[in-house]
Asks: 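Got a structure here, written out as structure tokens. Questions coming.
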Amino acid sequence: MISIKRKISIIVVFAFLLILSAGCQQSDKDINALNDLEIIRAEVWKNQHPDIYASFMTNAEMEKTTYGGSVPVDYLEEFPNLKIFYDGYGFSKEYLRARGHIYALEDVINTSRPKGGASCLACKAADFNVQLTNEGEGLNKIPFVEFVEANPEMEGISCYDCHRNTPGEVKITRTHFTQGLTSVEEEKSGNLACAQCHVEYYLDPDTNKVILPWHKGIDTDDMIEYYDEINFRDYEHPTTGAQILKAQHPEFETFKGSIHDAQGLTCIDCHMPKIAGEKNLRSHQWTSPLKSKEGLTQSCIPCHGGEPEAIISKVEGVQESVYKKTNEVSDELLAYIHRLGKAVETGDVPDEIIEQLRDIHRNAQFKWDFVFVENSEGFHNSQKAHKDLDSARELITEGIAILEEYEK
Ligand code: HEC
Ligand code: HEC
Ligand code: HEC
Ligand code: HEC
């Protein structure tokens with residue numbers, strides 16, 4: 001028998017739950033009534049998706065791994081050759097390792113690198129992209145600081161960037177990416193969500209528009225061919241006079257064609273493992289998979305077997321050989337730059353040969369840089385990384401052989 005008192009309390013609880021759920025529906029309705037060009041901030045989803053929100057907030061954590069991780073290591077200090085390679089360009093002033101998404105906006109605002117214009121925000125805050133859609137491409141050129149000051153409520157990478165206002169469904173929010181995709185076939189949503197930003201790009205020198213150089217394909221040779229055709233350079237190297245291309249963060253282009261791509265995996269299989277628990281939600285902490293034994297167990301062990309420690313060693317073995325070769329080729333490139341610089345200075349080498357030697361500098365540095373700046377230290381596709389480094393090395397050897405002819 002249920003006592004009267006108990007009955008009343010059940011009714012009260014029921015009524016309370018009814019009111020609560022009505023309240024929820026009300027707020028859902030408000031949220032759903034907003035169109036896709038109004039941004040709902042992460043905080044607003046906190047009650048509906050508490051576990052994902054909590055996971056999202058862990059992007060603030062900073063921890064190092066052997067070759068990667070989220071500590072903003074000063075690359076210029078760790079790899080001093082960079083100051084010569086990037087001489088004449090912003091990256092010779094400041095270049096730190098990438099960290100969590102939560103920092104993207106403050107890091108671009110605080111960098112001491114000069115900023116071309118507001119389009120630097122294209123991969124940092126959806127506010128910029130929404131206004132770009134509303135106001136047109138002229139927005140790319142307005143001063144960076146002007147846009148930042150006019151949008152104090154702006155939020156860094158957030159739910160909207162990958163979902164618009166329907167969390168759970170992957171939606172592309174970047175027009176530069178939609179345009180890039182007209183040249184490249186990619187349908188897997190687990191790659192599309194990330195490749196919006198984790199790609200090579202350049203800024204159109206006249207309009208400041210973000211463009212992905214995929215017109216001929218996504219390998220370094222294809223990109224060089226395209227850049228040559230449109231006569232593009234990021235900067236002129238002050239020592240050699242070469243027209244240098246600066247690679248950005250080509251995770252997507254590197255990953256494509258890899259062993260794991262062939263296995264049908266996408267970025268999110270390794271970077272967003274399912275969080276333990278009955279809800280089967282995906283982690284929303286985008287960081288090195290090597291930091292979480294639970295994550296490795298979920299995303300690697302089903303295929304590889306063994307213990308998480310063993311898979312970490314396997315990854316580090318692949319990275320070590322790429323790291324070693326990256327540093328060797330870096331020293332060879334540095335020596336080449338000094339020798340070519342000397343040849344330019346003395347004027348002993350005919351002009352057309354100097355042009356050929358400058359092209360070698362341009363192409364070798366782009367291939368080397370493409371591997372160096374890619375954030376997995378070769379793991380995403382060790383074959384491609386070795387191929388680019390070997391090809392850079394061959395170019396440098398060819399250039400040195402030509403220089404030796406004239407140095408005799
Ligand atoms: C097969 C698993 C796997 C896939 C698929 C994968 N990654 Fe990774 N990713 C890794 C591993 C392992 C590392 C190395 C982490 C380290 O060195 O600590 C890494 C490193 C990174 C890093 C640097 C992280 C850090 O903390 O150093 C970024 C950024 C990244 N991946 C983005 C992507 C993107 C974007 C894609 C899809 C195009 C992708 N990854 C696909 C496993 C994967
Ligand atoms: C960097 C891209 C990205 C951001 C930012 C992002 N998500 Fe996701 N989210 C994904 C991807 C990718 C999936 C997996 C979709 C799939 O499996 O097809 C996902 C899945 C989900 C799901 C479905 C359940 C699950 O875990 O698979 C929900 C709900 C969700 N996200 C909510 C959010 C909320 C809320 C935020 C902001 C606090 C957010 N997401 C931010 C990429 C993102
Ligand atoms: C809107 C652009 C954007 C999207 C979309 C995006 N990223 Fe990022 N990502 C960034 C930026 C910018 C940084 C560097 C932030 C910093 O250093 O301040 C970054 C950093 C990272 C890092 C390094 C963080 C660490 O702890 O080492 C990883 C890993 C990563 N992203 C993976 C992903 C994955 C996986 C996806 C897709 C689910 C994704 N990103 C989607 C822009 C993006
Ligand atoms: C769908 C199955 C599958 C999943 C999931 C998977 N791998 Fe693999 N992986 C393979 C296969 C197949 C190979 C090629 C054979 C080999 O080297 O073991 C491979 C190769 C590798 C290699 C050697 C790569 C090289 O360049 O030589 C490493 C390191 C590796 N995997 C790490 C990982 C990590 C770390 C994860 C999880 C974050 C992971 N794998 C998830 C199937 C998978």
Side-chain angles (χ1 to χ4, degrees), residues 40-46 48-57 59 62-71 73 97-101 126 156-163 166-171 173 186 188-199 249-256 258-275 279-284 286-292 295-305 308 310-319 321-323 374-386:
I40 297 177
R41 307 290 171 191
E43 174 97 59
V44 180
W45 295 114
K46 190 172 160 182
Q48 259 184 59
H49 302 290
D51 297 334
I52 289 184
Y53 184 79
S55 166
F56 176 81
M57 293 312 284
N59 286 295
M62 290 197 269
E63 200 188 318
K64 225 169 128 43
T65 60
T66 306
Y67 293 100
S70 342
V71 175
V73 172
R97 186 171 183 92
R99 54 179 176 159
H101 282 173
I157 301 167
S158 175
C159 321
Y160 185 92
D161 293 71
C162 301
H163 298 303
T166 38
E169 279 174 48
V170 170
K171 299 259 177 79
T173 51
E186 181 56 71
K188 298 189 191 111
S189 63
N191 285 334
L192 292 171
C194 317
Q196 299 189 82
C197 304
H198 288 271
V199 288
H249 21 63
E251 277 81 62
F252 171 72
E253 297 93 327
T254 300
F255 174 64
K256 288 306 281 180
S258 66
I259 295 172
H260 291 113
D261 179 38
Q263 293 284 316
L265 300 179
T266 65
C267 317
I268 67 169
D269 289 309
C270 305
H271 287 283
M272 297 180 70
K274 302 243 170 86
I275 306 168
K279 289 191 211 138
N280 229 10
L281 301 173
R282 283 185 184 275
S283 161
H284 276 60
W286 301 280
T287 188
S288 165
L290 306 186
K291 287 186 200 166
S292 157
L296 293 172
T297 304
Q298 213 270 27
S299 46
C300 324
I301 305 302
C303 289
H304 284 279
I311 197 83
I312 294 176
S313 306
K314 190 169 161 94
V315 172
E316 288 177 350
V318 169
Q319 291 176 317
S321 76
V322 173
Y323 181 82
E374 203 277 333
N375 284 292
S376 74
E377 200 68 63
F379 168 77
H380 288 143
N381 192 341
S382 62
Q383 281 92 341
K384 207 181 263 188
H386 281 291

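Please read all numbers here as calculations on a predicted model, not as lab measurements. Read the numbers this way: they start at 1 and go in the same order the structure lists the ligands and their atoms. Starting from 1, each residue takes its place in the sequence as its number.
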Asks: I need the atoms of ligand 2 closer than 4.0 Å to a non-hydrogen atom of L281, numbered in the order shown.
Replies: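 The list of qualifying atoms is 24 (C), 26 (O).
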Asks: Does any N/O atom on H304 come nearer than 3.5 Å to any N/O atom on ligand 4?
Replies: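 Yes.
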Asks: Heavy-atom distances under 4.0 Å decide this one: backbone, side chain, both or neither, for R97 against ligand 1?
Replies: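 R97 to ligand 1: side-chain contact only, backbone stays beyond 4.0 Å.
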Asks: Polar-atom distance check: Y67 versus ligand 1, any N or O pair below 3.5 Å?
Replies: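 In this structure, Y67 places no N or O atom under 3.5 Å from an N or O of ligand 1.
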Asks: Would one find an N or O of G69, backbone or side chain, under 3.5 Å from an N or O of ligand 1?
Replies: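 Checking ligand 1 against G69, an N or O pair does fall under 3.5 Å apart.
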Asks: Where the closest heavy atom to atom 5 (C) of ligand 1 is concerned, which of T287, T266, D269 has it?
Replies: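 Minimum heavy-atom distance to atom 5 (C) of ligand 1 goes to T266.
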Asks: Taking 4.0 Å as the limit for heavy-atom contacts, which would you say applies to V315 with ligand 4: side chain only, backbone only, both, or neither?
Replies: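 Answer for V315: both.
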Asks: Measuring from atom 8 (Fe) of ligand 2, which candidate in K188, H101, R282, H163 has the nearest non-hydrogen atom?
Replies: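 Closest candidate by heavy-atom distance is H163.
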Asks: Give a yes/no on ligand 4: does S299 have at least one heavy atom closer than 4.0 angstrom to it?
Replies: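 S299: in contact with ligand 4 (<4.0 Å).
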Asks: Considering only heavy atoms from C-beta outward, does the side chain of K171 approach that of H163 to under 4.5 Å?
Replies: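 Sidechains of H163 and K171: no contact.
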Asks: Hey, are the side chains of K188 and D261 touching, using non-hydrogen atoms and a 4.5 Å cut-off?
Replies: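 Yes; the side chains approach each other to less than 4.5 Å.
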Asks: Could you tell me the residue and atom name of the protein heavy atom closest to atom 11 (C) of ligand 2, and the distance to it rounded to 0.1 Å?
Replies: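 Among all protein heavy atoms, the one nearest atom 11 (C) of ligand 2 is M272 CE, 3.6 Å.
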Asks: Among protein heavy atoms, which sits nearest to atom 32 (C) of ligand 2, and what does the distance come to when rounded to 0.1 Å?
Replies: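 Answer for atom 32 (C) of ligand 2: P167 CB, 3.4 Å.
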Asks: Please could you name the atoms of ligand 2 that W45 approaches to less than 4.0 Å, counting only its heavy atoms?
Replies: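 Within the 4.0 Å cut-off of W45, ligand 2 contributes 35 (C).
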Asks: Restricting to N/O/S, name the atom of H284 that gets closest to atom 8 (Fe) of ligand 2.
Replies: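 The nearest such atom is NE2.
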Asks: By number and element, which atoms of ligand 2 are closer than 4.0 Å to a non-hydrogen atom of C162?
Replies: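 Listed by number with element, the hits are 1 (C), 2 (C), 3 (C), 4 (C), 5 (C), 42 (C), 43 (C).
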Asks: Any atoms of ligand 1 less than 4.0 Å from a non-hydrogen atom of T65? List them with their elements.
Replies: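 Reading through ligand 1 atom by atom, the close ones are 16 (C), 17 (O), 18 (O).
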Asks: Nearest to atom 33 (C) of ligand 2 by heavy atom, N59, T173, I275, I52: which?
Replies: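 The option holding the nearest heavy atom is I52.
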Asks: I'd like to know if K256 contacts ligand 1, where contact means a heavy-atom distance under 4.0 Å to any ligand atom.
Replies: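 No.
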Asks: In ligand 2, which numbered atoms sit nearer than 4.0 Å to a non-hydrogen atom of G168?
Replies: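 That gives atoms 15 (C), 21 (C), 22 (C), 23 (C), 28 (C), 30 (C), 31 (N) of ligand 2.
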Asks: Taking 4.0 Å as the limit for heavy-atom contacts, which would you say applies to L290 with ligand 4: side chain only, backbone only, both, or neither?
Replies: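 The answer is neither; L290 stays 4.0 Å or more away.
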Asks: Using a cut-off of 2.8 Å, how many protein N, O or S atoms sit around atom 8 (Fe) of ligand 1?
Replies: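 Count of protein N, O, S atoms less than 2.8 Å from atom 8 (Fe) of ligand 1: 2.
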Asks: Measuring from Q263:CD to D269:CG, what's the distance to the nearest 0.5 Å?
Replies: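 Atom-to-atom, Q263:CD and D269:CG are 11.0 Å apart.
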Asks: Which atoms of ligand 1 are found less than 4.0 Å from any heavy atom of H198?
Replies: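 Within the 4.0 Å cut-off of H198, ligand 1 contributes 29 (C), 35 (C).
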Asks: Quick check: does S382 get an N/O under 3.5 Å from an N/O on ligand 4?
Replies: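 The answer is yes, given that S382 and ligand 4 share an N or O pair closer than 3.5 Å.
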Asks: What part of V170, side chain, backbone, both or neither, has a heavy atom within less than 4.0 angstrom of ligand 2?
Replies: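 V170 to ligand 2: side-chain contact only, backbone stays beyond 4.0 Å.
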Asks: Atom CD1 of I275 and atom CG of N280: how far apart are they, to the nearest 0.5 Å?
Replies: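 Going from CD1 on I275 over to CG on N280, the span is 10.0 Å.
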Asks: Between C159, A54, S55, which one has a non-hydrogen atom sitting closest to atom 41 (C) of ligand 2?
Replies: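 It is C159 whose heavy atom sits nearest to atom 41 (C) of ligand 2.
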Asks: Please find out if atom 8 (Fe) of ligand 4 and some N, O or S atom of H260 are separated by less than 2.8 Å.
Replies: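 Checking atom 8 (Fe) of ligand 4 against H260, an N, O or S atom does fall under 2.8 Å.
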Asks: With a cutoff of 4.0 Å, is W286 in contact with ligand 2, counting heavy atoms of the residue only?
Replies: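 The answer is yes: ligand 2 sits under 4.0 Å from a heavy atom of W286.
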Asks: Measuring to protein heavy atoms, does anything land under 4.0 Å from atom 15 (C) of ligand 4?
Replies: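 Protein heavy atoms within 4.0 Å of atom 15 (C) of ligand 4 - there are none.
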Asks: For I268, is the nearest heavy atom under 4.0 Å from an atom of ligand 2?
Replies: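 Yes.
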Asks: Heavy atoms only: which of K314, Q319, E377 lies closest to atom 17 (O) of ligand 1?
Replies: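 It is Q319 whose heavy atom sits nearest to atom 17 (O) of ligand 1.
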Asks: At under 4.0 Å between heavy atoms, is it the side chain or the backbone of S288 that contacts ligand 1, or both, or neither?
Replies: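 Both parts.
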Asks: Among side-chain atoms of T65 and E63, is any donor-acceptor pair under 3.5 angstrom?
Replies: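 No, no side-chain donor-acceptor contact under 3.5 Å.
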Asks: Tell me the contacting part of S158 for ligand 2: side chain, backbone, both, or neither, using a 4.0 Å heavy-atom threshold, strictly below.
Replies: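 Within the 4.0 Å criterion, S158 contacts ligand 2 through backbone atoms alone.
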